[in-house]
Amino acid sequence: MVFMMRRRPLLRAAAVGGGAYLAGKHVARRQADQQDLDADQDQRIDALEQQQQPQAAYPAPAPGTGPAAAPSMADQLNKLADLHSQGVLSDEEFAAAKAKLLGT
């Protein structure tokens, strides 16, 4: 009888320890899977951010070699006046375009 009394606590301890070991492995596996998913998501986000950033593939042009600067306000007003005098723009269209250009 002494032998049987001794065996039961050992069996119980082995069963509890084995269950705890398996539960710990399961939790560790879930954490590793979650870390893998997070790392994959971070890589995808980084790739998308790089795609959205403008690419500096071409160096900036030297001053004076690029496209012409935006036309001045006077040039734009003269162009509108020419279009109006040619009949391309009506009086209302000319007034609206001029007001838009002047910001009023």
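Atoms considered below: every heavy atom in the structure, side chains included; atoms not considered: hydrogens, waters and symmetry mates.
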Before giving the answer on side chain to side chain contact (heavy atoms under 4.5 Å, CB included), spell out for Leu77 and Met73 the whole-Å C-alpha distance, their side-chain angles and the decisive distance to 0.1 Å. CA-CA 6 Å; Leu77 284 172; Met73 176 112 28; 4.2 Å; yes
Quick one: ring pair (Phe, Tyr, Trp, His ring centres under 6.0 Å) pairs with a partner in residues 15-52, sequence neighbours left out? none
For Leu37, the rest of its hydrophobic cluster, which grows through side-chain links under 4.5 angstrom: none
My understanding is that only residues two or more places apart in sequence, or in another chain, count here; which of them pass side-chain contact (heavy atoms from CB on, under 4.5 Å) with Asp40? Gln43, Arg44
Please list all pairs meeting salt bridge (charged side-chain N to carboxylate O under 4.0 Å, His left out) that have one or both residues in residues 74-101, counting only residues at least two apart or in different chains. none
Just grab all the ring pair (Phe, Tyr, Trp, His ring centres under 6.0 Å) pairs involving residues 79-104, residues at least two apart or on different chains. His84-Phe94
Who else is in the cluster with Ile45 when I, L, V, M, F, W and Y are joined by side-chain contacts under 4.5 Å? none
Connected to Val16, directly or through other members, by ILVMFWY side-chain contacts below 4.5 Å are none
Looking at residues at least two apart in the chain, or sitting in another chain, which of them share a side-chain contact (heavy atoms from CB on, under 4.5 Å) with Leu83? Gln86, Val88, Leu89
Inter-residue atom distance Ser72.OG - Asn78.CG, 0.5 Å rounding: 8.0 Å
Salt bridge (charged side-chain N to carboxylate O under 4.0 Å, His left out) pairs, two or more places apart, involving residues 22-39: none
